Trainee: 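Quick one: the structure is below, and I'll ask about it shortly.
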Amino acid sequence: MNKVRVRFAPSPTGGLHLGGIRTALYNYLFAKKYMGDFVLRVEDTDQTRYVKGAEEYIIDCLNWCKISPDEGPHREGEYGPYRQSERKSLYKEYAEQLVKLGHAYYAFDTPAEIETMRETLKGQGKDNLQYDYRVRFNMKNSLSLSPEETEALLKINFPHVIRLKIERDEFVYFKDMIRGDIEMSTNGLDDKVLLKADGMPTYHLAVVVDDYLMKITHAFRGEEWLPSAPIHVLLWKYLGWEKHMPEWAHFPLILKPDGNGKLSKRDGERLGFPVFAMEWNDPVKGEIKGFKELGFLPEAFLNMLAMLGWNNGTEQEIFSLDEMIDQFSIDRIHVHGAKFDFEKAKWYNHEWIKKSSVERLEHDVKKIFEKKGVSVSDEEQFGSIIELIKDRCTLLTDFWEQGHFFYNSPSEIDTASILSKWNENKNQFFVELIRTYSLLPSWKSVELENTFKEIAAASHLKPGELMLPFRIMLVGGKFGPGIFDIASLLGKTETIKRIEHTLSLLNQKI
RNA sequence: GGCGCGUUGGUCAAGGGGUUAAGACGCCUCCCUUUCACGGAGGAAUCACGGGUUCGAAUCCCGUACGUGCUACCA
């Protein structure tokens, strides 16, 4: 059996969204499972939609997700070039071969003429406005023109395209690895343009030629391609490559969480969640944040994406990339689309943060702190802080909210919550606490707690009544992990400083 | 409109003739915690509809409805 080769073939037209990454992921998983190659092919045949920087961005996203392609424009293999625009001359050759074989023809119609044809059809009450077997002999093409006329037009380089001649009343059969046997009539198909007037191929020609030349064994793509699959199957046949045709699989779509339709790039801003993997600097709309910037771990992002359309049949929901490679199978991919749920996406991230080691998180969290103007000097303390708070962080960015008070003393202190039940006894307790704490030989969480409780008992106060004030003194409000853990990590000097500070605030207010 | 593909709680889903129809997210209650989370225990909530086939259908067949995709010199 041939070596498995799959490809991810995005168009460099802007940010890479969820669906794109998932397609890349499934391709990657399949390739790695069968020790095959994962190829990146840039489908930049539409010059009008080309966006500068999009290609590099796509590669950056794949790298962030750790599903980097084995071959691509950034890493040439033996099947390059990997940009379709650089393969332009190849396609023409095959398109002309199809003309010679009688499966395609030159068409010289201007856009206006095609528009007229559609208007006429509409006028006749037809609702099928396609350029197909019903109208092609009335149009200006090498089928309706004499060979001499055609030759003359080609000679003066009259703008033209090459169209596939779709025969009527034929049936195309093919097998989809997810959906099984599929049969479609050619009657609904139009004579697709194969080669555009600018000499660039359309997707239909390019995908077949490139998959053949790049020795692709399995062609996976979104479900939106299913209706045009017969065109591709026909092309494989007409070009005489039928024996080399890849196996097909069409992935279900990712749908909008609210109403209807597939998730689009616009839905993110409308619904308040990211749709791109990473921040995309749109030339028109400016910066659009991605999952990365929002604080997602790539492991979680991929895990979430994988489960949106696939599972291994067990209750397991958390998978590492390696586990996914091990467990993946195309036939367990679902056949229907799934609505994207941002809440569930966050849940995956939370799970991944909880199970990640300090070593794994350190670097990312440090960058977030640095962005906020805090430079971490004590690595060991920082690690302990991460360990202490990671269970309460859903996003990486939550580490700041949960941990900033270790580095900055609270700018606002919720004295109101203390004041309502404040009295001289409590004040005395904290004065005594400062005195005792400052004499403490070691500064461990348990000892701090024991000492605290002993003094409370001696003062005839319930520790519970004192812990909330203590918490507010140290962090400013009613939040955060265990208060003695906080004090322990804060250190003696800082702890005492914060108690004194709040005490003086309280005295002013009484 | 035509053609294709779908349809299990609000969402993601397991299940493919006999099940009390798993599990997860979210929501609610309680426990733990004298903060908030985490964790633990419970709860509400589902087989689109109508016909068949069958002793028996969420599971098979047909129809309808609904959803979704395609119907470009875009991918």
Side-chain angles (χ1 to χ4, degrees), chain A residues 9-13 43-49 84 107 109-111 114 125-132 159-163 176 178-179 182-185 187-190 192-204 206-207 221-230 250 252-253 255-262 304 307-318 332 334-348 350-351 354 389-394 398 402 414 417 462-472 475 477-483 486:
Chain A
S11 290
T13 54
E43 308 220 331
D44 57 348
T45 55
D46 185 354
Q47 323 251 277
T48 62
R49 293 207 308 157
Q84 289 184 329
D109 316 275
T110 63
I114 291 176
K126 304 252 168 68
D127 44 42
N128 185 346
L129 275 19
Q130 296 184 145
Y131 195 125
D132 61 15
H160 64 277
V161 301
I162 293 180
R163 281 181 185 272
D176 181 282
I178 299 172
R179 283 153 226 275
I182 292 179
E183 174 197 274
M184 278 189 223
S185 162
N187 291 354
L189 302 174
D190 61 340
K192 283 277 177 255
V193 169
L194 260 22
L195 203 71
K196 302 187 257 189
D198 64 3
M200 279 291 188
T202 57
Y203 172 83
H204 304 102
V207 73
R221 72 238 282 206
E223 192 189 334
E224 68 269 29
W225 291 108
L226 200 52
S228 48
H250 293 85
L253 268 11
L255 276 10
K256 299 177 201 290
D258 57 349
N260 316 310
K262 64 174 173 177
M304 174 276 290
M307 302 310 284
L308 208 58
W310 173 86
N311 68 70
N312 74 347
T314 72
E315 284 183 14
Q316 185 176 354
E317 286 194 273
I318 303 299
R332 284 205 66 94
H334 305 138
V335 80
H336 58 267
K339 289 182 183 168
F340 175 66
D341 180 0
F342 190 50
E343 290 306 318
K344 185 88 189 215
K346 285 193 287 193
W347 175 79
Y348 277 104
H350 194 185
E351 292 299 310
K354 280 189 289 180
I389 63 180
K390 66 177 186 161
D391 281 3
R392 45 222 314 143
C393 296
T394 297
D398 292 340
Q402 295 293 334
D414 181 12
S417 291
K462 287 184 189 158
E465 294 178 69
L466 299 159
M467 275 158 73
L468 187 66
F470 190 34
R471 166 176 299 281
I472 291 171
V475 306
K478 302 176 191 171
F479 56 87
I483 192 59
I486 294 176

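Please read all numbers here as calculations on a predicted model, not as lab measurements. Proteins get letters first, then strands, A, B, ... in listed order; numbering begins at 1 in each. All values below were derived from every heavy atom in this structure, side-chain atoms included, with hydrogens, water molecules and symmetry-related copies excluded.
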Trainee: Between the protein and nucleotides 38-41 of chain B, which nitrogen or oxygen pairs are less than 3.5 angstrom apart?
Mentor:
residue, atom, partner, partner atom, Å
B:C38, O3', A:Lys354, NZ, 3.2
B:G39, OP1, A:Lys354, NZ, 2.7

Trainee: Using a 4.0 Å heavy-atom cut-off, does A:Arg221 contact any base of the nucleic acid, only the sugar-phosphate backbone, or nothing at all?
Mentor: nothing

Trainee: Reckon A:Met200 touches a base, only the sugar-phosphate, or nothing at all at heavy-atom distances under 4.0 Å?
Mentor: nothing

Trainee: Answer yes or no: is there a side-chain heavy-atom contact under 4.5 Å between A:Thr13 and A:Asp46?
Mentor: no

Trainee: For atom C1', what is the distance between B:G63 and B:G23, given to the nearest Å?
Mentor: 34 Å

Trainee: Could you give the CD-to-P distance, from A:Glu343 to B:C25, as a whole number of Å?
Mentor: 12 Å

Trainee: Test of understanding: with side chain to side chain contact (heavy atoms under 4.5 Å, CB included), list the residues that count as partners of A:Asn312, not counting sequence neighbours.
Mentor: A:Trp310, A:Thr314, A:Gln316, A:Phe319, A:Gln327

Trainee: Checking A:Met304 against A:Phe340 for the side-chain contact (heavy atoms from CB on, under 4.5 Å) test, could you report, in this order, the C-alpha distance in whole Å, the side-chain angles of both residues, the deciding distance, and whether it holds?
Mentor: CA-CA 10 Å; A:Met304 174 276 290; A:Phe340 175 66; 3.8 Å; yes

Trainee: In a table with atom names and distances, give each donor-acceptor pair under 3.5 Å that connects a side chain of residues 195-204 of chain A to protein atoms at least two apart or in another chain.
Mentor:
residue, atom, partner, partner atom, Å
A:Lys196, NZ, A:Thr45, O, 3.3
A:Asp198, OD1, A:Met200, N, 2.8
A:Thr202, OG1, A:Val193, O, 2.7
A:Thr202, OG1, A:Leu194, O, 3.4
A:Tyr203, OH, A:Arg221, NE, 3.4
A:Tyr203, OH, A:Arg221, NH2, 3.2

Trainee: Mark yes or no for whether A:Ser11, through its side chain, and A:Glu43, through its backbone, hold a donor-acceptor pair below 3.5 Å.
Mentor: yes

Trainee: Taking CG from A:Leu468 and C1' from B:U34, how many angstroms apart are they, rounded to a whole number?
Mentor: 8 Å

Trainee: Do NZ/NE/NH1/NH2 and the carboxylate oxygens of A:Asp341 and A:Lys344 come within less than 4.0 Å?
Mentor: no

Trainee: In terms of side-chain heavy atoms of A:Arg332, which of B:A14, B:C12, B:G4 is nearest?
Mentor: B:A14

Trainee: Which whole number of Å gives the distance between the P atom of B:U46 and that of B:U11?
Mentor: 12 Å

Trainee: If the P atom of B:G42 is compared with that of B:A24, how far apart are they to the nearest Å?
Mentor: 11 Å

Trainee: Could you state the CD-P distance from A:Glu317 to B:A22, rounded to the nearest angstrom?
Mentor: 16 Å

Trainee: Can you sort out the partners of A:Lys478 under side-chain hydrogen bond (donor to acceptor under 3.5 Å, both in side chains), two or more places apart, ordered by chain and number?
Mentor: none

Trainee: What are the two closest heavy atoms between A:Arg163 and A:Ile114, and how far apart are they?
Mentor: NH2-CD1, 3.6 Å

Trainee: Convert the base pairs of RNA chain B into dot-bracket notation, remembering that pairs crossing earlier ones are written with [ ] and that bases paired across to another strand are shown as |; include only Watson-Crick or G-U pairs under 3.5 Å.
Mentor: ((((((((.[[[..)..(....]]].(((((.......)))))....[[[[[..)....]]]]])))))))....

Trainee: Looking only at atom P, what distance separates B:A41 and B:G52, rounded to whole Å?
Mentor: 46 Å

Trainee: If the P atom of B:G18 is compared with that of B:A75, how far apart are they to the nearest Å?
Mentor: 48 Å

Trainee: Just to verify, what does A:His336 make a side-chain hydrogen bond (donor to acceptor under 3.5 Å, both in side chains) with, not counting sequence neighbours?
Mentor: none

Trainee: Name the residue closer to the 5' end of RNA chain B, choosing between A:Lys462 and A:Glu183 according to the nucleotide with the nearest heavy atom.
Mentor: A:Glu183

Trainee: Using a cut-off of 4.0 Å on non-hydrogen atoms, how would the nucleic acid contact of A:His334 be classed: base, sugar-phosphate, or nothing?
Mentor: sugar-phosphate

Trainee: With no hydrogens and no angle check, is any side-chain donor or acceptor of A:Lys390 less than 3.5 Å from a backbone partner on A:Lys354?
Mentor: yes

Trainee: Tell me what A:Gly477 touches on the nucleic acid: a base, only sugar-phosphate, or nothing, going by heavy atoms under 4.0 Å.
Mentor: nothing

Trainee: What is the separation between atom CG on A:Asp132 and atom P on B:G2, rounded to the nearest whole Å?
Mentor: 16 Å

Trainee: Please list, chain by chain and in numerical order, all residues satisfying side-chain hydrogen bond (donor to acceptor under 3.5 Å, both in side chains) with A:Gln402, sequence neighbours excluded.
Mentor: none

Trainee: Just to verify, what does A:Lys256 make a side-chain hydrogen bond (donor to acceptor under 3.5 Å, both in side chains) with, not counting sequence neighbours?
Mentor: A:Asp267

Trainee: Is A:Arg179 close to A:Glu223 at the side-chain level, that is, under 4.5 Å between some pair of heavy atoms?
Mentor: yes

Trainee: Which of the following nucleotides, B:A14, B:A24, B:U7, is nearest to the side chain of A:His336?
Mentor: B:U7

Trainee: Rounding to the closest angstrom, what is the interatomic distance between B:C28 and B:U20 at atom P?
Mentor: 32 Å

Trainee: When the distance from CG of A:Asn312 to P of B:A24 is rounded to whole Å, what number comes out?
Mentor: 15 Å

Trainee: Hey, which of these two, A:Gly309 or A:Pro481, hits RNA chain B nearer its 5' end, going by closest nucleotide?
Mentor: A:Gly309

Trainee: Rounded to whole Å, how long is the line connecting atom CH2 of A:Trp347 with atom C1' of B:C25?
Mentor: 7 Å

Trainee: Can you measure A:Ile483 atom CD1 to B:U35 atom P for me and round it to whole angstrom units?
Mentor: 11 Å

Trainee: Could you tell me how far B:U7 sits from B:A13 if I compare only their C1' atoms? Round to whole Å.
Mentor: 14 Å

Trainee: Just to verify, what does A:Glu183 make a side chain to side chain contact (heavy atoms under 4.5 Å, CB included) with, not counting sequence neighbours?
Mentor: A:Phe171, A:Tyr173

Trainee: Excluding sequence neighbours, so at least two apart, what forms ring pair (Phe, Tyr, Trp, His ring centres under 6.0 Å) with A:Tyr348?
Mentor: none

Trainee: Taking the same atom, C1', in B:C61 and in B:G67, what whole-Å distance lies between them?
Mentor: 22 Å

Trainee: Provide a list of protein-nucleic acid N or O atom pairs under 3.5 angstrom, restricted to nucleotides 30-33 of chain B.
Mentor:
none

Trainee: Can you tell me how far C1' of B:A14 sits from CE of A:Met307, to the nearest Å?
Mentor: 11 Å

Trainee: Heavy atoms only: give me the nearest A:Arg471-A:Gly480 pair and the separation to one decimal.
Mentor: NH1-O, 3.3 Å

Trainee: I'd like to compare against my own output: the B/S/- annotation of nucleotides 69-75 of chain B with a strict under-4.0 Å heavy-atom distance to protein.
Mentor: BSS-BBB

